[in-house]
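Heads up: the structure comes next, in structure tokens.
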Amino acid sequence: MRLDQPPPYKVTMSRNGDSDDPSNRAGLWSYPQRKQWNAALFAGSCCLYASRMALPLTINTVANEMNWDKTQSGKVMASFFWGYAMLQIIGGFVADRWGGDRTMIRAAYMWSLFSFITHPLLSWHSQYSLYLLILQRIAFGASQAVHYPAVTSLITTKTLAKDRNVTNTLAHVGAHFGNLLQGLFGSLILTYAGWHTVFYSVSLISFMWAFSVDNSLVKSTHVHDAPKKPPKQLDTVPWRRIFSSPPVWALITAHFCESYCYYILFFWIPTFFQDTFPHEKGWLYNVAPWIFSVPVSVLCGKLADQYASEGVSMTKVRKVLCTISYVGSAVVLFLLSKSTSYEASIVLIALFMMFNCVNHSVTGANSQDLSPRFSGTIFGIINTGGCIPGFFGVYATGFMLDRYGSWSLIWCSTAVVSLFGWLVFMLFGTGRKVI
């Protein structure tokens, strides 16, 4: 069998009701197309998070230049989530109707632009720099909010159920690779070319990614597809059924808790190491946490697909992976609160990120289980819930550090949040179609 040919298909029925019969595959990606889109979505999330990490990476340099304290720095970083919460549901709603690929690319042009203008805004009116940057971060967050709801909708409409875990994982795990690249090259750029060059470089790369995908994969897909109106059955979203479903609320709660843990570390890791180990090299602690994230995420996606194809209940798969992710993260955070060693702290944060990325095969994919038809809309809803710890938790962390100066308090409270999310999902979560 040639490598570019799809494997032979068996006629089966997935647990969410999708037929795997090749005769029913009209409009889905072919095997070569799926490989191309896997690479494109991986690169897209890489650019998305590399651009998002630019500010946490440079915040201490920017804050020193602008004379900001930690509360003000936390306010600037948290403002991203005010915008990020605005367009989650709308992004999924639009993507479900007009195409996740087009929605994703149009948004990418916007967030590339907003990232590019970071330095000009701060150098324009320095007396208003804090407020200008807050407004820019709100707009930047709003444009990035569309990405994952659009990706979720795209994957659900273009792949079979048995192929979604790997594609979904690759679409999310690029974020960790983007963080790794930004941590490595961004640290070097910051040292030798200044913080403004970090924003300029990642913005241009992101724009190039969007332009290339728009003029290759997106354009070729819509040239070959016959024009058609949005499906009539998508005109009405069952909002009451969605918001009265316990599994949906379990997913919202679990994603809220996972996002809280992730964003606290994502935005405050550089500050933690600079406060605790001020004489250590920045590139190491900006790179090391992300090293194992990509292979572990891909492995979990492949295992989930394999177990699903063997008839294992998707509910069981999701809950086993949830236990590994949330309980593992909590244990590591409790250990981190007691750590006084630079090397041990790096290892523990790398382990946290490894456990956290297992969640891509839990809350990252569960909306597709609950409702294949409205997966983009549901993902927008749960990601809106995930934004709350972004603007509340990130700001509150800065406030608590200014008030109490205790990193141990931060890590222990974050561990408790992780355990709460695990408990709720284990009690009320499911991998079955409910809407």
Just jot down the ring pair (Phe, Tyr, Trp, His ring centres under 6.0 Å) partners of Phe80, sequence neighbours excluded, or say none.
Tyr84, Phe140

Residues Asp275, Lys70: salt bridge by 4.0 Å N-O rule:
yes

Is the shortest side-chain heavy-atom distance between Trp68 and Leu130 below 4.5 Å?
yes

Under 3.5 Å, is there a donor-acceptor pair linking the side chains of Asp214 and Tyr109?
yes

When the ring centroid of Phe81 is compared with that of Tyr263, is the distance short of 6.0 Å?
yes

Distance-only polar pair, side chains of Gln144 and Ser51, donor-acceptor under 3.5 Å:
yes

Side chain to side chain donor-acceptor pair (under 3.5 Å) filter on Ser73, not counting sequence neighbours, yields none

So, using side chain to side chain donor-acceptor pair (under 3.5 Å) as the criterion, who are the partners of Arg137 when residues are at least two apart?
none

With sequence neighbours excluded, what pairs up with Arg241 under the salt bridge (Lys or Arg N to Asp or Glu O under 4.0 Å) test?
none

By salt bridge (Lys or Arg N to Asp or Glu O under 4.0 Å), which residues pair with Lys319, not counting sequence neighbours?
none

Salt bridge flag under 4.0 Å for residues Asp369 and Lys433
no

Between Asp96 and Arg373, does any side-chain N to carboxylate O distance fall below 4.0 Å?
no

Side chain to side chain donor-acceptor pair (under 3.5 Å) against Glu65, all qualifying residues, sequence neighbours excluded
Trp195

Check side chain to side chain contact (heavy atoms under 4.5 Å, CB included) between Met354 and all other residues, then give those that pass, not counting sequence neighbours.
Phe292, Val296, Leu351

Between Asn359 and Tyr262, is there a side-chain donor-acceptor contact under 3.5 Å, judged purely by atom types and distance?
no

Within the 4.5 Å heavy-atom criterion, are Thr71 and Tyr395 side-chain neighbours or not?
yes

Over 60° means perpendicular and under 30° means parallel, so tell me whether His255 and Phe379 are parallel, tilted or perpendicular.
tilted

Report, one line per pair, each donor and acceptor closer than 3.5 Å where one atom sits in a side chain of residues 201-210; sequence neighbours left out.
residue, atom, partner, partner atom, Å
Ser201, OG, Thr197, O, 2.9
Ser201, OG, Val198, O, 3.1
Ser203, OG, Ser115, OG, 2.9
Ser203, OG, Phe116, N, 3.0
Ser203, OG, Phe199, O, 2.6
Ser206, OG, Val202, O, 2.8
Trp209, NE1, Ala40, O, 3.1

Strictly by ring pair (Phe, Tyr, Trp, His ring centres under 6.0 Å), give each pair with a member in residues 411-435 just once, sequence neighbours left out.
Phe272-Trp411, Trp407-Trp411

His360: ring pair (Phe, Tyr, Trp, His ring centres under 6.0 Å) partners, not counting sequence neighbours
His172, His176

Asp402: salt bridge (Lys or Arg N to Asp or Glu O under 4.0 Å) partners, not counting sequence neighbours
none

Is it the case that the side chains of Ser418 and Glu258 hold a donor-acceptor pair, with the cut-off being a distance below 3.5 Å and no angle test?
no

Assess whether side-chain hydrogen bond (donor to acceptor under 3.5 Å, both in side chains) is satisfied between Gln136 and Thr118, documenting all intermediate values.
CA-CA 7 Å; Gln136 181 267 352; Thr118 302; 3.1 Å; yes

Residue pairs passing the ring pair (Phe, Tyr, Trp, His ring centres under 6.0 Å) test with at least one member in residues 42-66, sequence neighbours excluded, are Phe42-Phe177, Tyr49-Phe266

